[in-house]
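What follows is one structure encoded as structure tokens, with my remarks underneath.
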Amino acid sequence: MIFSKKHVNYESEHTKFISELKKQHPEMDAGQVAGRALLWDKSPVSLDEQARTDESRLRQQAYPYQNKV
């Protein structure tokens, strides 16, 4: 694929906005990293702990409002 040379320096309005925002608030990057660590970066769970969690989970009947027969 061949790209035109006149579009190499193109920067969208969104990219300009984010760049300016990061210049005004340099602490945003650290906040993003901290938020990701809080929600997504979890330590691996051992197989024993995973099995114990699975065994302790309560089973729910398929239709919870039906009387148990």
Side-chain angles (χ1 to χ4, degrees):
M1 182 181 264
I2 299 174
F3 293 104
S4 171
K5 289 186 178 184
K6 69 179 183 177
H7 296 295
V8 172
N9 295 325
Y10 173 75
E11 190 173 9
S12 70
E13 294 294 322
H14 182 263
T15 304
K16 289 177 186 177
F17 172 75
I18 296 296
S19 298
E20 286 297 318
L21 189 63
K22 286 187 175 188
K23 284 179 188 174
Q24 293 172 0
H25 302 283
E27 71 278 358
M28 279 181 54
D29 287 333
Q32 286 179 326
V33 170
R36 177 191 162 103
L38 180 67
L39 296 174
W40 297 104
D41 297 339
K42 305 290 183 188
S43 59
V45 178
S46 69
L47 292 176
D48 292 335
E49 187 176 347
Q50 185 177 4
R52 190 173 26 140
T53 302
D54 290 342
E55 289 173 2
S56 67
R57 184 169 286 134
L58 294 175
R59 306 291 181 234
Q60 184 178 2
Q61 57 186 10
Y63 186 70
Y65 301 109
Q66 180 179 4
N67 292 336
K68 293 183 181 179
V69 179

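This is a predicted model, so every value here is computed, not measured.
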Pairing residues for Ser56 by the side chain to side chain donor-acceptor pair (under 3.5 Å) criterion, not counting sequence neighbours =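 None.
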Got a sec, which residues hit side chain to side chain donor-acceptor pair (under 3.5 Å) with Asp48, two or more places apart in sequence or on another chain?
-> none
Locate the shortest heavy-atom distance separating Gln66 from Gln61; write the atom from each residue and the value.
-> O-NE2, 3.1 Å
First locate atom [atom1] of [X], then atom [atom2] of [Y], and finally report the distance between them rounded to the nearest 0.5 Å.
X	Y	atom1	atom2	value
Arg52	Arg57	CZ	CZ	13.0 Å
Glu49	Asp54	CD	CG	11.0 Å
Glu20	His25	CD	NE2	11.0 Å
Glu55	Thr53	CD	OG1	9.5 Å

Under a single-linkage definition using a 4.5 Å side-chain heavy-atom cutoff for Ile, Leu, Val, Met, Phe, Trp and Tyr, are Phe17 and Met28 assigned to the same hydrophobic cluster?
-> yes
Taking atom CG of Leu39 as the centre, report whether more than 12 heavy atoms of other residues, nucleotides or ligands fall under 6.0 Å from it.
-> yes
